[in-house]
Every structure is written in C-alpha cells, then in structure tokens.
Amino acid sequence: MMRTLVEEDDLSTKALGRWPVFYYGMGHMLNDITASCWFTYLLLFLTEIGLSPRNAAAVMLSGQVADGFATIFAGELMDRFGHFKIWHGAGSLLVAVSFSSVFGGCLPCKIFASSSCTFETVSYSVIAAIFNVGWAATQVSHMSMVSCITLNSTSRVALASCRNAFTMVANLSLYAVAFVVFSVINGKTYTDVQNQYRWIAYLSICIGCCFVGIFLLSTKEPRLKVGIHGEIRARISWAYWFKRVLYYQVALNYVLTRLVVNVSQAYLAFYVINDLQMAQSAKALVPAIIYICSFVVSILLQEIAWTSRRLKAYYTAGCILWIFCGGVILLLERNISYVMYIASVFIGIANALMMVTVVSMQNFLIGEDLNGCAFVCGSLSFLDKISCGIALYVLQSYQNTSPQLYGTLFPLSVTRFGLGLVPAFCALVGVIVTCTMDLHNSSKSLMTPLLA
C-alpha cells in the first residue's frame, strides 16, 4: 500500500513527456484562431460594412462583458463538478457555430428584413455575446487543466509554453488564410468585403476544429482534481484567494499583459493601413511576423529550467522590449514605414516572453490548491475581458473625433496612441508589479529539464 502511494506521488510530480504536452497545446487552437480574427478584424469588418466606430466598439464590448461574467460562472461550476473536457467540447461547439454567424452577415437582419443601424448593432452584439460565452467555457477549462494535469512546476511551464506556441500557430494560420483571401478577393464593394471575412471565418473554424478534435481524443481527463491518494479535496472558498497578496499581483500582471496583447492586436491593422498607408497585404503580413517570432521564442522557452527568479526576469525583459516598441510606434513616420517590419520582430518576442511567464505565475499562485484553480483562471479572465472591452470601447469612441491628419507624415491618431502608448504604459506598470512579487519555488522538481 505504501509503495502504491509513493508511486502516485512520483507520477504527480514527475516531468511530463513531449507528447502529453504537445497534445495539450492543441486544445486551444479553435479559441486562439477565432480570437485572433476577433481582435484583429472585428472592428475593421464592422466599420467597413457601415457601422460607426462607436457601434462597432459596442459590439466588441458586449462580447467582452459576456465573456467576463461567463468565466466566473464557468470557473465556479468547474471547481464544484470538474469534467474539464466536457466543458471544453461544449464551449468549442458553441464557438464554432456562433463565430460563423458574426462574420457571416447579420442573420437577424435578413430574417426580420430590417436595415436599421440600431437593430444591426444589437443583433451583432447578441451574437458576439453568445460567441464569447462559448469561448470562456473553453478557455477556463483548458487553462485549469494545466494545474490538474501535473504538480511538477517545470512541466506546468512547459504546458503553458506549448499552449502559447500553438497560439502562435493559430495566429499564423489565420494570417496565412487572410493574406490569401485579401489577395484573391478584391474588397471594393460591400458584398466583396462580406465574402472576404466570411471565407476567413469559415476556414479558421475548420482549422481550429481539427486540432480540438485531436486534443479531445488524445488528452485524458485530469485526475489530480481528486487528491493524489484518492481522497476528495475540499473546495477552496473565494475568500482564501482574496486574502493572498500574490493573487492581486498576479491578477494585475495578467490583466496588463492581456491589455498589451489584445489592444495592440486590435489596432495593428488600422495602424499599418491608415497611419502608415502600407499595402493591403501588410495587415496580414505585419501580424504574421509578430506571431512567427512569438512562436520561435515560445519553443525556445520550453527548453529552459525554470525558477521563480527567471520567471520574473523574463517577464520584465518582455515588458521592457514592449516599452521600446511602443516608443517606435508613436514616433514612426510614414516615409519610413518599413521600420514597422523590424519593430514587429521585437513585438513578437516581447509578447511571447510576457504571455508564457504570466500564465506560469498564475500556476505558481495555484500551486497544489487544485480545487480553486478554475476560480483563479476564471476571475483573472473576467478582469481581463472587462478591462480590454472598456479600453477598446473608450479608444474606439474617440476614433471618429480624432484628427485625421492623413496629409502629414506623422498623424497623431487614436490608433497610434492605442497601439503605442497603451501597451507601453501597461508594460511599465507590469515591471513595477513584478519587482514587488515574492514567488516561492514549491518543489525541487522546478529545476528538472522542461521536457523529459
């Protein structure tokens, strides 16, 4: 009996092999590829089909608010009942169905034969909310599984890093599809624009669903939700987390990191087309460079033996890189727009450093308190969604009143400030918060090789 218990302890702390990590990383592909399309092209799509910048921002905000509250609700239910894979599969199905409706045209407008701008905005907002509810269920279940698959700290970083690598694959897949579609279909008319984004949406869903299917078939339901020796773990109350200073520090860093990534992604296409007046293909090519660099860095991060000090150092390095990139974006003139390709390399590196390490900080916070892991993931995601939604709504609300100095080399637009100043400021605050953190190594296994 004693030997069995020891073996179970060893299995829970043993470093994972490459294949379990690889299969896990695939699980968020559908969410990632649709989210990439959502933040890169939704505002652009809605304004191109006739919605005002404020109404387009309202659609984005409705989705973010629904996503935020859904993460709290889903996290609470997962902590109570578990069954991560069921939540993941159901959420993925809802994402696939609703996402095709967002970029497939306003279906309620066709059904009710309404051309009202208000009705169109409300319809898109409802569909956006449904999409984000499914997205939240998938995200929280997938993130929570990291802490319940293994107690090995380095393997947890490996899972987070592999997930981030597949996020890059998802984004690159989207921009490859977008590059082909934008090159083949000329978006001069209203119908052509709708066809462009409809094809991008449908192809993205097909790619994402293939990877999700492999994940569901190849990944076992995590068993550490039940105690290592078979006993049922007591559910951890919310108050336990609210009493920990580290919870607030990690939450703030997570929100700041998501603001950096999502706000910059939302305004990147606007920036390269409107401010720098680059070719149409640049709105796919520039993001692609960012994600290629992020993918490479994410792969390299999997080969590092991690300590809490290294987590803080790498996160700080990513923040500092973004601060410099933000300065370049604010000062970049149209006649040297090619510099944006160089800046994209460093933005990609910074994004990878920040995303991998901040998710790993989250897992340090959870430690072995597995029956609260879904609440932690859900609450942090709630803060992320609400803050991103509000930030984008405020910026986009001023988009139509900002000076359109397109005749000058250096237009001081909301887009330029949204892409350059907001992420740089968030990164600066992230450095300050990280310096105050006290991350403890929870086990000796932290120094084991990342992928056995």
Side-chain angles (χ1 to χ4, degrees), residues 16 19-38 63 66-100 129-150 155-156 158-171 173 204-226 258 355 359 362-363 366 370-382 384-385:
L16 295 175
W19 286 111
V21 173
F22 184 73
Y23 289 135
Y24 168 82
M26 293 183 179
H28 213 246
M29 272 286 291
L30 178 61
N31 261 26
D32 286 332
I33 198 168
T34 53
S36 180
C37 186
W38 187 264
D67 195 344
F69 282 101
T71 55
I72 293 290
F73 183 70
E76 176 67 13
L77 291 180
M78 287 177 210
D79 276 335
R80 288 179 181 270
F81 306 111
H83 301 295
F84 295 122
K85 287 181 67 176
I86 294 177
W87 282 95
H88 188 284
S92 297
L93 180 62
L94 194 58
V95 165
V97 173
S98 57
F99 186 73
S100 60
I130 295 172
F131 162 72
N132 278 278
V133 168
W135 202 96
T138 305
Q139 182 200 33
V140 175
S141 60
H142 195 255
M143 289 180 67
S144 301
M145 287 175 72
V146 172
S147 299
C148 296
I149 288 174
T150 178
S155 288
R156 285 179 172 181
L159 291 169
S161 183
C162 189
R163 170 188 165 139
N164 195 62
F166 271 101
T167 297
M168 303 310 119
V169 173
N171 283 277
S173 300
S204 298
I205 291 169
C206 289
I207 294 170
C209 285
C210 290
F211 282 93
V212 168
I214 296 173
F215 162 78
L216 292 174
L217 292 174
S218 305
T219 304
K220 296 180 180 179
E221 179 72 25
R223 300 173 66 179
L224 293 181
K225 188 76 173 172
V226 176
R258 296 305 303 181
M355 280 305 303
V359 172
Q362 177 179 293
N363 290 315
I366 294 170
L370 304 184
N371 272 25
C373 62
F375 169 74
V376 172
C377 295
S379 61
L380 266 57
S381 185
F382 168 79
D384 149 39
K385 305 306 176 186

*Is there a donor-acceptor pair under 3.5 Å between the side chain of Asp384 and the backbone N or O of Leu380?*
no

*asked:* Using every non-hydrogen atom in the two residues, find where Phe382 and Phe69 come nearest and quote the distance to one decimal.
replied: CD1-N, 3.7 Å

*Minimal non-hydrogen separation, Ala70 against Val133, with atom names*: CB-CA, 4.0 Å

*What closest approach, in Å, do Val212 and Gly27 show between heavy atoms, and which atom pair accounts for it?*
CG2-O, 3.9 Å

*Within-4.5 Å side-chain heavy-atom neighbours: Met145 and Glu221*: no

*Could you tell me the separation between the CD1 atom of Ile130 and the OG atom of Ser98, rounded to the nearest 0.5 Å?*
7.0 Å

*asked:* Please check this pair: side chain of Thr138 against backbone of Ser92, looking for a donor-acceptor N/O pair closer than 3.5 Å.
replied: yes

*Closest heavy-atom contact between Val95 and Gly134?*
CG2-C, 3.5 Å

*Drop me the distance from Thr219's OG1 to Phe22's CZ, to the nearest 0.5 angstrom.*
11.0 Å

*Looking only at heavy atoms, which two atoms of Ile33 and Ser173 are closest? And how far apart?*
CD1-CB, 4.0 Å

*Ile72 CD1 to Asp67 CG distance, which is reported to the nearest 0.5 Å*: 11.0 Å

*Working to the nearest 0.5 Å, report the span between CZ of Phe166 and CE of Met29.*
7.0 Å

_Run Phe84 and Trp87 through ring pair (Phe, Tyr, Trp, His ring centres under 6.0 Å) and show every step you take._
CA-CA 5 Å; Phe84 295 122; Trp87 282 95; 9.4 Å; no

*What's the spacing between Phe215 CZ and Lys85 NZ if we round to 0.5 Å?*
7.0 Å

*Could you check if a side-chain atom of Leu30 sits within less than 4.5 angstrom of a side-chain atom of Phe211, using non-hydrogen atoms only?*
no

*What pair of heavy atoms forms the shortest contact from Ala74 to Ala137, and how long is it?*
CB-CA, 4.4 Å

*Could you check whether the rings of His142 and His88 sit parallel, tilted or perpendicular, using 30° and 60° as the cut-offs?*
tilted

*Atom CE in Met78, atom CE in Met143: separation rounded to 0.5 Å?*
11.0 Å

_Determine whether a donor-acceptor pair (N or O, by modelled atom type, separation under 3.5 Å) exists between the side chain of Trp135 and the backbone of Asn31._
yes

